[in-house]
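As the structure is a prediction and not an experimental result, all values here were calculated from the model. Chain identifiers are assigned alphabetically (A, B, ...) following the order of the sequence lines, protein sequences preceding nucleic acid strands; residue numbering begins at 1 within each chain.
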Protein chains: 2
Amino acid sequence: MTETEERPYHHGSLRDALLSAAEETLREQGQDELSLRELARQVGVSHAAPRRHFRDRQALLDALAISGFERLGEQLRQSIAAAEDDFASRLRAAVGTFVRFATQDAALLELMFSTKHREGAEPVREAAGSAFEHLPQLIEQGQDEGAIAPSTSPQSGIVLLATVQGIATLINGGMVEAGMLDELTDRAVEQFLRGNRPD
Amino acid sequence: MTETEERPYHHGSLRDALLSAAEETLREQGQDELSLRELARQVGVSHAAPRRHFRDRQALLDALAISGFERLGEQLRQSIAAAEDDFASRLRAAVGTFVRFATQDAALLELMFSTKHREGAEPVREAAGSAFEHLPQLIEQGQDEGAIAPSTSPQSGIVLLATVQGIATLINGGMVEAGMLDELTDRAVEQFLRGNRPD
DNA sequence: ACCTGAACACCGTTCAAGT
DNA sequence: ACCTGAACACCGTTCAAGT
């Protein structure tokens, strides 16, 4: 739909053009179908041009993961800000946002949490850290409100995060019916609240 | 280490030979490094020979995922059988087994729960179902023992499953330090038990 | 600085042909 | 039935050269 319009690149924003073409391909075709040469073709440059901006295919994938975390972080921030001020409302909003993001962009989720950027991809992990940076504060708020026990460690937040990621993965992989999404996430939140409630 | 011994194949067990070579490559090099041609070379047949047993690369990946689920299911069965008879012991044993499997074979875990076999890979999902088939019974046992509430639905089990998968994914992807593994899984189990306890 | 074109080594997949 | 060898179209990556 946005292929051969007027080519506003050729000099300006090759990097961005490649990235957004890649996002689209990732969403619609999956990671295996993502080819540097094909992207170059779509964007209208030679196959060697992307090299200036991404040293290799993995660098492109890393960049996609990073922009994914940035987008997710932004959405989390917004949904928390838009929710009621109490802990439970904010938590539910954040979890809902994450799970929606994760199931709407399955291939991207997979890429973001992939094994690939294990070594040498510090930036990806930093981006992941930033996306979830408000989580500890949220836990604190819950403790201050008395919604969860003061003994609740920040690691309980990580466990909840893992749960949501896992639910999305099970659904994206087809191991669990998509219709169960809401029920499972609701249950996960309830379990978290009950499992960490005071006294 | 098992490359060029005496080649006991050439007729017999090409399929098995390819599969086990693939498992090794997957574990040591990752999915991207997995090439049909290279496997054929390792096993000592022409590059077109694998075609007889795997119609394409995806079929090989599916077969790897299936054998992964079979192995995981077997390990789960054994660890449950070897544990004390009470619900909590069995649950902890099963969760520990899953998490160990998942972190020792990161690339395989990723493949097993991947988006790839979404359409047309019924066998993979069946294998996944078999691997976790004892989970509902385990939940029932917990209810019978009064360890968890009678209202606990089987879906709580899925949530726990998702949690463990998620923890492994976070660690395998380097987003969480590997040293936190035990702490996180313990916390996940405790939260599950507290979140579903009776009364 | 940014891009091109040719070149290299490697894929997955297909197909006629061999045993 | 099972495997081979050649062929096709496609990669990622590199590098000298152009503007």
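- Across the protein-nucleic acid pair, H53(A) atom NE2 and dG12(D) atom C1' stand 18 Å apart, rounded to whole Å.
- With rounding to whole Å, R52(B) atom CZ is found 12 Å from dG18(C) atom C1'.
- Rounded to an integer number of Å, the gap from CG of L39(B) to C1' of dG12(C) is 13 Å.
- L160(B) contributes atom CG, which lies 14.0 Å from atom CD of Q155(B) (distance to the nearest 0.5 angstrom).
- Listed for the T163(B) side chain is a donor-acceptor partner under 3.5 Å among the backbone atoms of V159(B).
- Salt bridge present: R41(A) and E38(A) bring a charged side-chain N and a carboxylate O closer than 4.0 Å.
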Please list, for nucleotides 6-8 of chain C, all pairs of protein and nucleotide N/O atoms separated by less than 3.5 Å.
residue: dA6(C); atom: N6; partner: H47(A); partner atom: NE2; Å: 2.8

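- The phosphate of dC11(C) (OP1 or OP2) has a side-chain N or O of R41(B) nearer than 4.0 angstrom.
- Listed candidates were dT13(C), dT4(C), dT4(D). Nearest to the side chain of A49(B) is dT4(D).
- In this entry the distance linking CD of E33(B) with P of dC11(C) reads 10 Å, nearest Å.
- Residue R15(B) is classed as having no contact, given no heavy-atom separation below 4.0 Å to the nucleic acid.
- The minimum heavy-atom distance between L170(A) and I158(B), with the atom names listed, is CD1-CG2, 3.9 Å.
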Pairing annotation in dot-bracket form, given for DNA chain D with Watson-Crick or G-U pairs under 3.5 Å and | for cross-strand partners: ||.|||||...|||||.||
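- Counting to the nearest Å, the C1' atom of dC11(D) and the CD atom of Q58(A) are 16 Å from each other.
- Considering only side-chain N and O atoms, S35(A) lies nowhere under 4.0 angstrom from the phosphate OP1 or OP2 of dC10(D).
- Ion pairing between a basic and an acidic side chain is recognised when a charged N comes within 4.0 Å of a carboxylate O; R71(A) and E74(A) show no such pairing.
- Note: CZ (R51(B)) to P (dC3(D)) measures 14 Å, nearest angstrom.
- Here dC10(D) presents its C1' atom at 15 Å from CD of Q29(A), a figure rounded to the nearest Å.
- The pair R92(B)-E84(B) does not count as a salt bridge, with every side-chain nitrogen at least 4.0 angstrom from each carboxylate oxygen.
- Taking the six-membered ring for Trp and the full ring otherwise, F69(A) and F113(A) have centroids separated by under 6.0 Å.
- When the options L19(A), L61(A), L39(A), D62(A) are evaluated for a side-chain contact (heavy atoms from CB on, under 4.5 Å) with F54(A), the one that passes is L19(A).
- Remark on DNA chain D: of its neighbouring residues L34(A) and S46(B), the 5'-side contact belongs to S46(B), judged by nearest-heavy-atom nucleotide.
- Atom CG of L60(A) is separated from atom P of dC11(D) by 14 Å (rounded to the nearest Å).
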In sequence, state the C-alpha distance, the side-chain angles, and the governing distance for N172(B) and T169(B), and then conclude on side chain to side chain donor-acceptor pair (under 3.5 Å). CA-CA 5 Å; N172(B) 289 342; T169(B) 299; 5.7 Å; no
